[in-house]
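Okay, structure first, notes after.
Below, each value reflects all heavy atoms present in this structure, side chains not excepted, and no hydrogens, waters or symmetry copies.
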Amino acid sequence: MEFPFDVDALLPERITVLDQHLRPPARRPGTTTPARVDLQQQIMTIVDELGKASAKAQHLPAPITSASRMQSNRHVMYVLKDTSARPAGKGAIIGFLKVGYKKLFVLDDREAHNEVEPLCILDFYIHESLQRHGHGRELFQYMLQKERVEPHQLAIDRPSQKLLKFLNKHYNLETTVPQVNNFVIFEGFFAHQHRPPAPSMRATRHSRAAVLDASPAAPARKLPPKRAEGDIKPYSSSDREFLKVAMEPPWPLNRAPRRATPPVHPPPRSSSLGNSPERGPLRPFVPEQELLRSLRLCPPHPTARLLMATDPGGSPAQRRRTSSLPRSDDSRY
């Protein structure tokens, strides 16, 4: 596939790896290009044209590979350049392979659901005029070495019949595990899922720091030795002597004042907050005779005197009670 700009100068290596940034790779020393040429725009043009050619070859309604999709996803694109033919001295592109990690729910051979995140083959295209020349195997093998994966560990998104025959011919991938989605996995896909997990970077860093740290560690604290079984005394009455000692009641019961000899002068009452007034001593009991004598000497109430005046035929007790009092002139009649 030819382009109107110099592909050989834009992509110096035979296989170029492009990520989501679509930045041009490092240029060879001595290679010059016009200052106004936008190299990133040229790379975006290559990606868009390769995506259109792949969609046309697979009879897809729309391209699944484009510069905008590459920038919005963390996919990696391997571009194979033709170094032998140089039409008009500008170079050509043979094909590309796009891969990326995706989180999938796949079924194993026992139809159990598994959540995995494998490396997926998302798009694979070799120009029609250069197929069956070993370019596809060269590009696919370079990707396996770069990503450090095995062919049976891959998941293929909607593979064509040509791609399935390619994998069967070069990597003996024939038996597939049926899935409910558009991805295809082969037998042996779950073999690497049960490997023991590798130590994390944090654990490795801590182990290295422990080796490099030569400072002496703090001495371990020694615990007292355990008592032998024979030294334990049996539970006897002598061990219960402490129960006979009167225990002090808990707070606030222990704050109550104890009854002792009454003070000569009781403390003054306090009306401050938090201090309740103390009651004084009760008055002595008055005998009944003295109570009656005090009642006789007490002058009558004016209301009682008015009642006596309105009721001349009062009881003898009332007349006797008021006989010793001086009478007014009105009471004589």
Side-chain angles (χ1 to χ4, degrees), residues 1-4 7 11 15-22 40-82 92-107 116-144 146-147 149 151-171 173-174 176-186 189:
M1 182 179 291
E2 296 83 9
F3 292 91
V7 176
L11 306 177
I15 298 178
T16 303
V17 183
L18 301 176
D19 56 5
Q20 60 180 349
H21 302 289
L22 298 179
Q40 187 174 14
Q41 186 63 36
Q42 293 181 359
I43 292 179
M44 294 175 65
T45 302
I46 293 177
V47 173
D48 289 337
E49 293 300 324
L50 289 176
K52 294 177 182 178
S54 176
K56 183 179 179 179
Q58 301 181 56
H59 305 285
L60 299 178
I64 59 176
T65 299
S66 62
S68 60
R69 287 176 177 267
M70 285 290 297
Q71 291 176 339
S72 60
N73 297 278
R74 293 187 175 183
H75 297 162
V76 178
M77 188 172 179
Y78 295 85
V79 181
L80 179 61
K81 183 186 68 172
D82 187 4
I93 299 296
I94 298 176
F96 75 96
L97 174 61
K98 186 177 72 171
V99 298
Y101 287 91
K102 284 183 173 294
K103 185 176 293 186
L104 305 175
F105 289 91
V106 296
L107 301 175
V116 294
E117 193 173 2
L119 184 66
C120 303
I121 304 298
L122 303 177
D123 202 357
F124 189 21
Y125 170 74
I126 299 296
H127 196 269
E128 290 79 3
S129 61
L130 298 174
Q131 292 181 4
R132 301 183 183 275
H133 289 76
H135 300 301
R137 178 177 172 81
E138 177 187 1
L139 184 59
F140 203 90
Q141 193 66 28
Y142 182 87
M143 181 273 301
L144 293 177
K146 193 74 173 180
E147 301 293 338
V149 295
H152 62 270
Q153 299 176 356
L154 300 172
I156 299 92
D157 184 14
R158 299 179 184 179
S160 61
Q161 292 298 325
K162 287 185 177 181
L163 180 55
L164 293 177
K165 292 180 181 179
F166 170 83
L167 296 174
N168 184 19
K169 176 182 178 181
H170 297 287
Y171 301 102
L173 297 179
E174 182 179 4
T176 61
V177 181
Q179 302 295 322
V180 295
N181 49 26
N182 297 323
F183 285 85
V184 173
I185 60 175
F186 293 91
F189 176 82

* To do: List for me each residue that meets ring pair (Phe, Tyr, Trp, His ring centres under 6.0 Å) alongside Phe183, sequence neighbours excluded, and say none if there are none.
  => none
* Give the intermediate values and the outcome of side chain to side chain contact (heavy atoms under 4.5 Å, CB included) for residues Met143 and Leu119. => CA-CA 11 Å; Met143 181 273 301; Leu119 184 66; 4.1 Å; yes
* Test side chain to side chain donor-acceptor pair (under 3.5 Å) applied to His127 - qualifying residues, sequence neighbours left out -> Ser129
Extract all donor-acceptor atom pairs below 3.5 Å that involve side chains of residues 100-107 and protein atoms in other chains or at least two apart in sequence.
none

* By ring pair (Phe, Tyr, Trp, His ring centres under 6.0 Å) - contacts of Phe3 (at least two apart) -> Phe5
* To do: Decide yes or no on side chain to side chain contact (heavy atoms under 4.5 Å, CB included) for Leu22 and Met70, but give the supporting numbers first.
  => CA-CA 8 Å; Leu22 298 179; Met70 285 290 297; 4.3 Å; yes
* Would you call Met77 and Val17 a side-chain contact if the rule is heavy atoms closer than 4.5 Å? -> no
* Asked: How about Tyr78 and Glu147: does a side-chain donor come under 3.5 Å of a side-chain acceptor?
  -> yes
* To do: Apply side chain to side chain donor-acceptor pair (under 3.5 Å) to Gln71 and list each qualifying residue two or more places apart in sequence or on a separate chain.
  => none
* Asked: Does the ring center of Phe96 lie less than 6.0 Å from the ring center of Phe124?
  -> no
* Minimum heavy-atom separation for Gln20 to Asn73, with atom names? -> CB-O, 3.4 Å
Would you mind writing out the side-chain donor-acceptor pairs for residues 46-53 within the sub-3.5 Å range, not counting sequence neighbours?
residue	atom	partner	partner atom	Å
Asp48	OD1	Ala67	N	2.8

* Could you check if a side-chain atom of Val99 sits within less than 4.5 angstrom of a side-chain atom of His75, using non-hydrogen atoms only? => no
* Asked: Say you draw a straight line from OG1 of Thr16 to CG of Leu11; how long is it, rounded to the nearest 0.5 Å?
  -> 4.0 Å
* Asked: Measuring from Gln153:CD to Ile185:CD1, what's the distance to the nearest 0.5 Å?
  -> 12.0 Å
* To do: Give the C-alpha distance, both sets of side-chain angles, the deciding distance and a yes or no for side chain to side chain contact (heavy atoms under 4.5 Å, CB included) between Leu154 and Val149.
  => CA-CA 8 Å; Leu154 300 172; Val149 295; 3.9 Å; yes
* Quick one: side-chain contact (heavy atoms from CB on, under 4.5 Å) partners of Val184, sequence neighbours excluded? -> Pro159, Thr176, Phe186
* Asked: Of all residues at least two apart in sequence or in a different chain, which pass the side chain to side chain donor-acceptor pair (under 3.5 Å) check with Gln179?
  -> none
* In this structure, which one of Ile43, Ile15, Ile93 forms a side chain to side chain contact (heavy atoms under 4.5 Å, CB included) with Val79? -> Ile93
* Drop me the distance from Leu130's CG to Met1's CE, to the nearest 0.5 angstrom. => 10.5 Å
* In Å, rounded to the nearest 0.5 Å, how long is the span from NE2 of His135 to CD1 of Ile94? -> 4.5 Å
* List for me each residue that meets salt bridge (Lys or Arg N to Asp or Glu O under 4.0 Å) alongside Glu138, sequence neighbours excluded, and say none if there are none. => Arg14
* CD of Gln141: more than 12 outside heavy atoms within 6.0 angstrom? -> yes
* To do: Working to the nearest 0.5 Å, report the span between SG of Cys120 and CG of Asp157.
  => 7.5 Å
* **side-chain contact (heavy atoms from CB on, under 4.5 Å) partners of Arg158, counting only residues at least two apart** => Asn182
* Which residues share a side chain to side chain donor-acceptor pair (under 3.5 Å) with Glu128, sequence neighbours left out -> Tyr125
* **Full working for side chain to side chain contact (heavy atoms under 4.5 Å, CB included) between Ile121 and Leu97** => CA-CA 8 Å; Ile121 304 298; Leu97 174 61; 3.9 Å; yes
* Asked: When you measure from the centre of the six-membered ring of Tyr171, is the NZ or CZ of Arg137 under 6.0 Å away and within 45° of the axis?
  -> yes
* Structure fact -> Residue pairs passing the salt bridge (Lys or Arg N to Asp or Glu O under 4.0 Å) test with at least one member in residues 161-171, sequence neighbours excluded, are none
* Is the count of non-hydrogen atoms from other residues, nucleotides or ligands lying under 6.0 Å from Gln161 atom CD greater than 12? -> no
